[in-house]
Amino acid sequence: MGLSGAAWATLLVPTLLGILTMFLYGFWDRITGKEYYVDDEILAYDEDLIKELKKEGKA
Amino acid sequence: MNTGILFGFLVYLALLAYIGWWANKYTKTEDQYFVGGRKVHVLAATLSDKASDFSGWLMLAYPSKAFSTGLGAFWAGIGCLFGTLADYVLIGPRLRIYAGKFRAITLPDYLEARLKDDTKLIRILSALIIIVFMTAYVAAQFAAGGKTFAEGFDISDNAGIILTVIILTAYVITGGFFAVVWTDVVQALFMLLTLIIVPFLALAKIGGLGRATEIIASADPAKLHPFGGATGWAAIIFAIGYASWIVGYLGQPHIVTRYMSVEDPRKLRRPGIFISGTWTILVLWGAFFAGFLGFAMAQAGILEVSDPEKVIPAMAVELMPSWLAGFVIAGIISAVMSTADSQLLVASSAIARDFYHKVLGKEVGKKQMVNISRLVVFGVALVGLWFAISGPKVIYQMVATAWGGLAVGFGPILVLSLWWKRTTKEGAIIGMAYGLISEVIFEAKIYGWAFTKDAPGIWGTIGGWFQDVPVFFINFFITLFIIIIVSLLTKPPREIVETHEKLFRKVPIETGKKSVTEARAKSQVENVAEFVLTKGLA
């Protein structure tokens, strides 16, 4: 017998809307041509960790 | 005890032990113990975000709702999917930007700095909300772990709970945030595999979706109805009741702390939302169909289910070769542990950093602070253990109660403080105090986790209007309203308004050729996608 049309709609419509939201937000910077301002002060990596990673050649 | 199951599970345990040992190398300061030095790879941060979010609820409680309610339970999945996306759109990047600017390690750190609160009241309220509700949440995970061990290894629920606590506490104490994040990544993959394998095996066993729906329709046709057979207003209330999880996402400290740790806020937009969103869609479909088909199997007499919350472990033990069932049991335990580890860490940060270090002003060395945090993890785990053993052991209800308290306590103030420069500390203090007190009173004394007409006096009348809608859903909007009104009646200091405006100014995206190092920093897929987009849009 399978699932009814309404049942498939309940499963698929929100899922597709979710995927659409993902793409819209994911590429919003490309769409508008603008993004958040970020500098070293905002990135604020832990100094001891960076030293440790540099010592191991990972940073 | 089945040796095949034990073997699969031991392989998984060995992997956890290795990650705990490796992460211990990079865990020497409080910054590293609680947010991984703010340099966690985006793939790890986003997968860890989802593994921490989806707990025993995903593997035990949500399938049990699909088992007992049928298709209507999918509304809970819809709420979780859009809650996940809302976290990225409304919280993630902005919280990471503020966390870096203020060097915030915990959510109370951020709120105190953002709202320039010198009274310490926001920190105390935040820590109280975390301690009260997070300990209950940890207890729910311990109970879920206990049930899974009980089903997989044929031991008692309480013995399973104790086993969960021992394994979990060991690696959280050893490795801190790095251990938690990287074990979460492994656990996210275990969960994904489990929730893909189990429904397909069930479909094959029962003879296809058509056969399964026939069996379900003959047992209870309402289980195939999108609103559980309800129509009109009742259907809307039914859908809201399940989908209400969405607002809770905005205030879960163990989830949003992941965003504070990510190496670059811009990466939460891309690839962050794609990793989290895709993983979420796959596991929610898998968990729903596991419970849904599990009911058909039980009706057909193929499966024996003693407790609907044990439907997935029961399916694994019945349908799979024992070594594979061992991995599935590991997948379920993964879901439990990946959430409980993050919650233990957040609860410990609320006591060690927010109370001991910041409120009481105890200055100790970096290493000593990490050791104090480890002791606190152990203490919180013991309290959680006590609640798990003495509590009701109904995970859906336990999680909903804790989820609600955190949602109301943190959700409204987080969204407003990240998006509205006029938010004031007075608004935050009154809103958060209302959230904490009202949730405790409504959930512990008046309604339980959902409104009901059976509550005493006037509360029963109000409960009748919102019958079965979770208390936190309505309370979230009341708290939001309170914070807005109080903020409008008070005035924020000029410098915090200016900082907000300055931090969130948008700049043109960088164009032009990239250096080899920049190109190598991205994955092949990202570079190809970027090239196609640039050329395609040119």
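Below, chains carry the letters A, B, ... as their sequence lines are ordered, and counting in each starts from 1.
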State the CD-CG distance between A:Glu41 and B:Leu503, to the nearest 0.5 angstrom.
8.0 Å
For the side chain of B:Arg96 and the backbone of A:Ile42, is there at least one donor-acceptor N/O pair under 3.5 Å apart?
yes
I want to check a possible cation-pi pair here: B:Arg94 against A:Tyr36, using under 6.0 Å from ring centre and within 45° of the ring axis as the test.
no
Interatomic distance, A:Ile19 atom CD1 to B:Ile281 atom CD1 [nearest 0.5 angstrom]
4.0 Å
Is any side-chain heavy atom of B:Pro265 closer than 4.5 Å to a side-chain heavy atom of A:Leu43?
yes
Does any non-hydrogen side-chain atom of A:Val38 lie less than 4.5 Å from one of B:Arg266?
yes
Pairing of A:Glu35 and B:Lys506 as salt bridge, 4.0 angstrom limit
no
Donor-acceptor contact below 3.5 Å, side chain B:Arg270 vs main chain A:Gly26:
yes
Under 4.5 Å heavy-atom distance to chain A, tell me which part of B:Ala212 shows up: side chain, backbone, both or neither.
neither
Side chain, backbone, both or neither of B:Ser276 within contact of chain A (heavy atoms, under 4.5 Å):
neither
Is there a donor-acceptor pair under 3.5 Å between the side chain of B:Arg505 and the backbone N or O of A:Tyr37?
no
Is the shortest heavy-atom distance from the side chain of A:Thr21 to the side chain of B:Tyr88 under 4.5 Å?
no
Kindly say whether the aromatic ring centers of A:Phe23 and B:Phe274 come within a distance under 6.0 Å.
yes
Using the ring pair (Phe, Tyr, Trp, His ring centres under 6.0 Å) criterion, which residues pair with B:Phe227? Sequence neighbours excluded.
B:Trp75
Within residues 79-87 of chain B, which positions have a heavy-atom distance to chain A below 4.5 Å?
B:Leu81, B:Phe82, B:Leu85
Are any of the side-chain heavy atoms of B:Val507 and A:Lys34 separated by less than 4.5 Å?
no
Would you mind telling me which of A:Leu11, A:Leu3, A:Thr32 has the largest number of heavy-atom pairs within less than 4.5 Å of chain B?
A:Leu11
Test side chain to side chain contact (heavy atoms under 4.5 Å, CB included) applied to B:Ile78 and A:Thr15, step by step
CA-CA 8 Å; B:Ile78 296 171; A:Thr15 306; over 6 Å; no
For residues B:Ile273 and A:Trp28, determine if any side-chain heavy atom of one lies less than 4.5 Å from a side-chain heavy atom of the other.
no
Contact leader toward chain A among B:Thr280, B:Leu71, B:Val89, where contacts are heavy-atom pairs under 4.5 Å
B:Val89
